[in-house]
Amino acid sequence: MANIQVHEKAFKLFISKEEIAKQVNRIAAEIDQDYENEIPLFIAILNGSFIFASDLIRSVNITAEISFVKVSSYEGTAVGNMNKLIGLNTDIKDRSIIIIEDIVDTGNTLNKIMPYLKEQQPKSIEIASLLSKPDAIKYPIEVAYNCFDIPNNFVVGYGLDYDGLGRQYADIYQTI
Ligand code: IMP
C-alpha cells in the first residue's frame, strides 16, 4: 500500500518491509559477532518494539534470553516526572544486556531508564533501535545497533502507532 490513513492523518510509504528485513539482518549479524561467547539478555521495551524484537531475536544465531518491559511515566510530586520500569523480573547483575527500542526520538525514555538499569550492575548494556531521529535527540544516548536514521517526521507501522492505531502494518509510513 502506498498511502494509508490512521485516525485523521494521511501517511505515505517510507521504509518497505524488505529494507527493514535487510537492516534487521545486518544488526543481527553484528550482535552475533559481538556476543559470540555470551548469552545476552534482550530487554524489549513495549509496546512499540514488539514486532522489531520478534524479528531481531529470530535473526540472531547466538543463544539469548528475552524479557519484555513497559515504561510507565507518571507525574511525581517532589521529583518531577518519574519513569518506572514494569515487568523486569530477571536479575541483571553481571548480565550482558541489549535493550530493544522501537525509536529513539528525544532520548528521554532511555535517559530515564538507563541509570536505573546500570544501578543493578549488569556486565554491559547496549541499545538496539529500529529507528533514530538525530534531529530530535536531546540526551546523549548511544545506540550501538541502529537500523535507520530518519528525519524528524512522525512514523507508524511495524509496531509503531499513532494514538493506538497503525502498529499492524508490515512497512513503515511517514506523515504526508
Ligand atoms: P523518546 O523518549 O522521546 O526518545 O521517545 C520514545 C518513544 O516515543 C518511542 O518509544 C515511541 O513509542 C514514541 N515515538 C517517538 N517518535 C515516534 C514516531 O514517529 N512514531 C511513533 N512513536 C513515536
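Being a predicted model, the structure only gives us computed values, none of them experimental. Along the sequence shown, residues are numbered consecutively beginning with 1. Atoms within each ligand, like the ligands themselves, are counted from 1 in listed order. The figures here come from the full heavy-atom set of this structure, side chains too, leaving out hydrogens, waters and symmetry mates.
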Atom indices of ligand 1 within 4.0 angstrom of [X] heavy atoms, with elements:
X      : value
Glu101 : 10 (O)
Thr109 : 1 (P), 2 (O), 5 (O), 6 (C)
Asp161 : 21 (C)
Asn108 : 1 (P), 2 (O), 4 (O)
Lys133 : 16 (N), 17 (C), 18 (C), 19 (O)

Handout entry: Distance in Å, Ile98 CD1 paired with Arg95 CZ, rounded so as to fall on 0.5 Å steps
Key =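 One finds 10.5 Å between CD1 of Ile98 and CZ of Arg95.
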
Exercise for the section: Pick out which of Tyr169, Tyr173, Phe154 makes a ring pair (Phe, Tyr, Trp, His ring centres under 6.0 Å) with Tyr162. Expected result: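 By the ring pair (Phe, Tyr, Trp, His ring centres under 6.0 Å) criterion, Tyr162 pairs with just one of Tyr169, Tyr173, Phe154: Phe154.
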
[X] versus [Y], closest heavy-atom pair with distance:
X      : Y      : result
Tyr139 : Gly107 : CD1-C, 3.7 Å
Gln174 : Val155 : CB-CG1, 3.9 Å
Ser96  : Lys123 : OG-CD, 3.8 Å
Ile15  : Ile20  : CG2-CG1, 3.8 Å

Handout entry: Contact bool for atom 10 (O) of ligand 1 (protein heavy atom, d < 4.0 Å)
Key =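 Yes.
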
Practice task
Look at atom 22 (N) of ligand 1 and say which protein heavy atom is nearest, naming residue and atom and giving the distance to 0.1 Å.
Solution key: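 The protein heavy atom lying closest is Leu160 CD2, 3.9 Å.
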
Exercise for the section: State whether the side chain of Asp32 and the backbone N or O of Asn61 hold a donor-acceptor pair below 3.5 Å, judged by distance alone. Expected result: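 Side chain of Asp32 to backbone of Asn61, a donor-acceptor pair under 3.5 Å: yes, one is there.
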
Handout entry: Gly107 touching ligand 1 at heavy-atom level, < 4.0 angstrom
Key =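 True for this residue.
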
Exercise for the section: Can you figure out which of Asp105, Asn152, Ile113 has its heavy atom closest to atom 15 (C) of ligand 1? Expected result: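 Looking at heavy atoms only, the winner is Asp105.
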
Problem - Per atom 6 (C) of ligand 1, closest listed option by heavy atom (Asp102, Thr106, Ile137, Ile103) - result: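 Residue with the shortest heavy-atom distance to the ligand atom: Ile103.
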
Problem - Residue portion contacting ligand 1 (non-hydrogen atoms closer than 4.0 Å) for Val156 - result: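 Within the 4.0 Å criterion, Val156 makes no contact with ligand 1.
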
Handout entry: Sub-3.5 Å N/O-N/O distance, Val155 and ligand 1
Key =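 Between Val155 and ligand 1 (N or O atoms, distance only) the closest approach is under 3.5 Å.
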
Handout entry: Nitrogen or oxygen atoms of Val104 and ligand 1 under 3.5 Å apart
Key =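 For ligand 1, there is no N or O atom that lies under 3.5 Å from one belonging to Val104.
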
Handout entry: Pair Asp161 + Arg167, salt bridge at N-O below 4.0 Å
Key =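 Arg167 and Asp161: salt-bridged.
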
Practice task
Output, in order, the C-alpha distance, side-chain angles, deciding distance and verdict of salt bridge (charged side-chain N to carboxylate O under 4.0 Å, His left out) for Arg26 and Glu30.
Solution key: CA-CA 7 Å; Arg26 175 184 60 82; Glu30 289 174 18; 3.1 Å; yes

